[in-house]
Peer 1: 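Once you've had a glance at the structure underneath, I'll fire off some questions.
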Amino acid sequence: MTPTAAIDPHIETLVRKLLIASPIARHLGITVTRLAPGDVRLRLAFAMENVTVDRIVHGGVIATLADIAGAAASFSGVDPTTARGGATQTLVVNYLRPADGCDLETTTRVLSRSRSGTVTSVEIHDPDGQLIAQATVTSRIW
């Protein structure tokens, strides 16, 4: 097995400062569990403040988690000497089952990368590995 490449420290700082330390990510309680080029994993601990009804995590919260994971994966492989920022161009979320009172974790896979953007697949799983949602995030980098 080949070791995973380390992420550039400048890029890690950008991801943590612009995405993970953003007011919305902090408010929701999103944390990083893995940050490597093209392989970003985020965790969202269950909180009653993030539900829509009973103990079902709100779809907007799940979409926000997917958006932040897609943006982080997009940044994870850019040229650290030129990247300054980015924005989501498109976010498509397919909700597959309810997230019922559980923590959530993302896995990412960059499908396409160019100088100015990426397309990333984001999967959101519950602690049992059940797929809760799948998203496609198109990001613009500048």
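Just so you know, these numbers come straight off a predicted model, no measurement behind them. We number each residue from 1, following the sequence as shown.
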Peer 1: With sequence neighbours left out, write down each residue that passes side-chain hydrogen bond (donor to acceptor under 3.5 Å, both in side chains) with Asp79, or none if nothing qualifies.
Peer 2: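 Counting only residues at least two positions away or on another chain, Asp79 forms a side-chain hydrogen bond (donor to acceptor under 3.5 Å, both in side chains) with Thr81.
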Peer 1: May I ask you to test the Ile68-Ile30 pair for a side-chain heavy-atom distance under 4.5 Å?
Peer 2: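 Side-chain contact under 4.5 Å: yes.
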Peer 1: Spell out, as yes or no, whether a donor-acceptor pair under 3.5 Å connects the side chain of Asp103 to the backbone of Phe46.
Peer 2: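 Yes.
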Peer 1: Are any non-hydrogen side-chain atoms of Val15 and Leu35 less than 4.5 angstrom apart?
Peer 2: yes
Peer 1: I'd like to check the salt bridge (charged side-chain N to carboxylate O under 4.0 Å, His left out) partners of Arg16; sequence neighbours left out, ordered by chain and number.
Peer 2: Glu12
Peer 1: In a table with atom names and distances, give each donor-acceptor pair under 3.5 Å that connects a side chain of residues 20-28 to protein atoms at least two apart or in another chain.
Peer 2:
from: Ser22; atom 1: OG; to: Leu19; atom 2: O; distance (Å): 2.8
from: Ser22; atom 1: OG; to: Ala25; atom 2: N; distance (Å): 3.3
from: Arg26; atom 1: NH1; to: Ala21; atom 2: O; distance (Å): 2.5

Peer 1: Looking only at non-hydrogen atoms, find the nearest pair between Cys102 and Pro127 and report the distance.
Peer 2: CB-CD, 3.8 Å
Peer 1: Would you tabulate the side-chain donor-acceptor contacts of residues 49-66 under 3.5 Å, counting partners in other chains and residues two or more places apart, or write 'none'?
Peer 2:
from: Arg55; atom 1: NH2; to: Gly101; atom 2: O; distance (Å): 3.3
from: His58; atom 1: ND1; to: Gly60; atom 2: N; distance (Å): 2.7
from: Thr64; atom 1: OG1; to: Gly60; atom 2: O; distance (Å): 2.8

Peer 1: Hydrophobic cluster mates of Leu131, side-chain heavy atoms under 4.5 angstrom, ILVMFWY only, any path?
Peer 2: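 Taking Ile, Leu, Val, Met, Phe, Trp and Tyr as members, Leu131 shares its hydrophobic cluster with Leu96.
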Peer 1: Check Ser76 against Asp39 and note the closest heavy-atom contact, atom names and distance.
Peer 2: OG-N, 4.4 Å
Peer 1: Shortest non-hydrogen contact from Ala99 to Leu104?
Peer 2: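 Looks like CB-CD2, 3.8 Å.
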Peer 1: Tell me, with the steps shown, if Thr90 and Val137 meet side chain to side chain contact (heavy atoms under 4.5 Å, CB included).
Peer 2: CA-CA 6 Å; Thr90 10; Val137 182; over 6 Å; no
Peer 1: Nearest 0.5 angstrom please: His125 NE2 to Arg97 CZ, how far?
Peer 2: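 That separation rounds to 9.5 Å.
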Peer 1: Are Leu91 and Tyr95 connected, step by step, through hydrophobic side chains (Ile, Leu, Val, Met, Phe, Trp, Tyr) whose heavy atoms are closer than 4.5 Å?
Peer 2: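 Yes: a chain of side-chain contacts under 4.5 Å links Leu91 to Tyr95.
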Peer 1: Test side chain to side chain contact (heavy atoms under 4.5 Å, CB included) on Thr136 and Thr120; report intermediate values, then the result.
Peer 2: CA-CA 6 Å; Thr136 303; Thr120 303; over 6 Å; no
Peer 1: Quick one: does Ser121's side chain get under 4.5 Å of Gln134's, heavy atoms only?
Peer 2: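 Ser121 reaches Gln134 side chain to side chain.
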Peer 1: Testing the basics here: between Pro80 and Asp8, what is the closest heavy-atom pair and its distance to 0.1 Å?
Peer 2: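 Nearest pair, atom of Pro80 first, then Asp8: CB-OD1, 3.3 Å.
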Peer 1: List the atom pairs, donor and acceptor, that lie under 3.5 Å between side-chain atoms in residues 105-114 and the rest of the protein, sequence neighbours left out.
Peer 2:
from: Glu105; atom 1: OE2; to: Thr33; atom 2: OG1; distance (Å): 3.3
from: Thr106; atom 1: OG1; to: Leu42; atom 2: N; distance (Å): 2.9
from: Thr108; atom 1: OG1; to: Val40; atom 2: N; distance (Å): 2.9
from: Thr108; atom 1: OG1; to: Val40; atom 2: O; distance (Å): 3.2
from: Arg113; atom 1: NH1; to: Ser74; atom 2: O; distance (Å): 2.8
from: Arg113; atom 1: NH2; to: Ala73; atom 2: O; distance (Å): 3.3
from: Ser114; atom 1: OG; to: Ser116; atom 2: N; distance (Å): 3.3
from: Ser114; atom 1: OG; to: Gly117; atom 2: N; distance (Å): 3.3
from: Ser114; atom 1: OG; to: Gly117; atom 2: O; distance (Å): 3.4

